[in-house]
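What follows is a single structure, written as structure tokens, with notes after it.
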Amino acid sequence: MTLKNRISPEKRRKKLKELLIRKNPLRFLEAHDGISAIISNNTKITINNGEVLEFDGLWESSFTDSASKGYPDADIISFDSRCESLKYILDATNKPIIFDGDTGGDPTNFEYQVKRLEDLGVSMIIIEDKVYPKRNSLDETASQIQEDPQIFAIKLKRGKEALHSDGLMIAARIESLITGSGLKDALLRAKIYLNAGADAIMIHSKEEDPKEIFEFAKEYNELSKNISFRKPLICVPTTYNTVTVDEFEKAGFNIIIYANHLIRASFKAMKKAAELILRNGRSFEVESICTPVKKIFSVVGFEEIKKKDKKFQKAQRVIIPAAGFDNNFDIPKAMIKIKGKPIIKRQIEVLKKFGFAKITVIRGWKKELVTLEGIKYFDNDFYDKTYIAHSLFHAEEDFKNGFLYINSDILFTEEVINKIINTPYDIVLAVDRTYQYHKHEIDKKLDMVLTKNKPTNRIWKLGREENEVIRIGKNIKIEMADYEYIGIANFSENGAEILRKVYHDCKMNWQGKFHEADDFSKADFMDLIQEIINRGFKVNIVEIHQGWIEINDERDVKLAEMMI
Ligand code: SPV
Ligand code: MG
């Protein structure tokens, strides 16, 4: 379903009355679910004189609604269930709907049905003058019991009185030709029903020969003259299917309902497909009679969703510096496979769930190995002389909406990203305290963080309080540290601007050792963060508890593979 065909119930309800004034005859096609309603609604053809033909509205049939649910048409499917199908049909079209109301139940039932259909925006309900529970009219041997016409007339009146507006039309369906009561009875009933306030008359027949239908139409025209008003006349040419629209028009019919053809056509096609798959032991042979998956996606509105997804994608980029040389691996860390999938691919999969579609990667060492599609690349060809802070600035043009910074050697869960992107801070680092519990020997210097407020040991308080970094670096002793920085940081637009200003100022003016680096050219990301703090800007933390792993060596690869 797309949102294109939205229309208010009030507007839709009136459409049939408006159409009946403008056009004759009207053609209605059956729909029994959303997709058949899409076909009924969308089908258009151009004929020789250039005229475009389409159906004027949709018929919500009791036969095809029941059959689509695998049930017989015998008043078994509840009114609620019929309305459920109706809702999907209404969603697929802005054309008028005629609802097949069966017998309408007893007069009280009928009043409630009228109310419900009116609220939903249906333009016409047709009830048949048979006794509940009815049997489908097309079956030659089913028992067909017709209602007393005066009792039926009361039901019509009660329905009309229950109306809240003048949009919904109530039509009487005469079954005399189905039950064998004949033409005379049909005409008698027509008069009674019209006098009771019926807004239209439907005459039904199950004969292949249209003779009795045409006879009725002729007499109906006479009757209309005699009573000095004429209400629309409706037919359902399922059996007398050789009669053309023009012929019906000449005879005086105003609405023609093609009542069951979509379900019958689809049944045959479905059966053929099922048999072909069994016969061939594969589905290849069935493709030529199948609609492509993409076509189905497109008619039900998937393309629109994709377009909107694109429009509302996060403007903010993810920047992943992946230029550095590594001692432990012979390929860039971003490309190390964890259970067959490169780290960077795993990172992107998580990020996409949060609407991050713009990913920037800075390559350097063995850049030819980092070639994933859909990524914007910058290359730091001097990766051996200038370190990560400078690598990052190769992507400076992508800072403008703020950015999410992620090291290329970590795996993380959705929870980690969810936490860091939902903080109000300009610059925020994701930190963890689990280094305290690391069982394996830590033989690598970790990225340690000291914070303004000392962390509490109560896990339930995680991430609740605002806390700032006061020192960051590898030279902070583990015993002294409050947290470990995990390699993910978020910069708002303002945060990115602070980072830019500090970097460029240092680049121009800095001399000598730069925090833990020998000089500015060897600056790590953390050295830059320390400089930002020293200049009085706030760098906040968001505390996470596990859900990430840094891949330093083969041992970590194994550990990660165990965790995934
Ligand atoms: C229907 O489509 O459910 C109808 C028309 O009521 S018929 O099946 O011909 O009775
Ligand atoms: Mg029916």
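Just follow the structure's listing: the first ligand is 1, and inside any ligand the first atom is 1.
At distances below 3.5 Å, at least one donor-acceptor pair connects side-chain atoms of Gln347 with backbone N or O atoms of Ile410. Of the possible donor and acceptor atoms, one in the side chain of Asn254 sits under 3.5 Å from a partner among the backbone N and O of Leu233. Checked by atom type and distance alone, the side chain of Gln146 never pairs as donor or acceptor with a backbone atom of Thr179 at under 3.5 Å. The closest donor-acceptor contact from the side chain of Asp129 to the backbone of Pro149 lies at 3.5 Å or more, if one exists at all. Within the 3.5 Å criterion, the main-chain N or O of Ala217 finds a donor-acceptor partner in the side chain of Asn221. Although no hydrogens or angles enter the test, the distance criterion places no donor-acceptor pair under 3.5 Å between the side chain of Lys17 and the main chain of Ser123.
Of the N or O atoms in Asn136, one or more lie within a sub-3.5 Å distance of an N or O in ligand 1. Ligand 1 has no N or O atom lying under 3.5 Å from any N or O atom of Glu128, backbone or side chain. Considering backbone and side-chain atoms alike, Leu138 places every N or O at 3.5 Å or more from each N or O of ligand 1. Below 3.5 Å of separation, one finds an N or O of Asp100 facing an N or O of ligand 1. For ligand 1, the polar-atom distance check finds an N/O of Ser62 within less than 3.5 Å of one of the ligand's N/O atoms.
Near Ala259, with a cut-off below 4.0 Å to any heavy atom, the atoms of ligand 1 are 2 (O). Close contacts between ligand 1 and Ser137 involve ligand atoms 10 (O) [criterion: under 4.0 Å to a heavy atom].
Classification of Glu304 and Lys4 as a salt-bridged pair holds, one side-chain N sitting under 4.0 Å from a carboxylate O.
In this structure, Tyr193 has its ring center closer than 6.0 angstrom to the ring center of Phe152.
Residue His204 touches ligand 1 through its side chain alone, judged by heavy-atom distances below 4.0 Å. With a heavy-atom cut-off of 4.0 Å, His32 does not touch ligand 1 at all.
What sits closest to atom 6 (O) of ligand 1 on the protein, heavy atoms only, is Arg173 NH1, 2.7 Å. Atom 2 (O) of ligand 1 has Ser61 OG, 2.8 Å as its closest protein atom, hydrogens excluded (heavy atom only).
The atom of Asp100 nearest to the Mg ion (ligand 2) is OD2, with the search restricted to N, O or S atoms.
Side-chain N/O atoms of Ser137 and Glu175 include a donor and acceptor closer than 3.5 Å.
With 2.8 Å as the limit, Ser62 counts as an N, O or S neighbour of the Mg ion (ligand 2).
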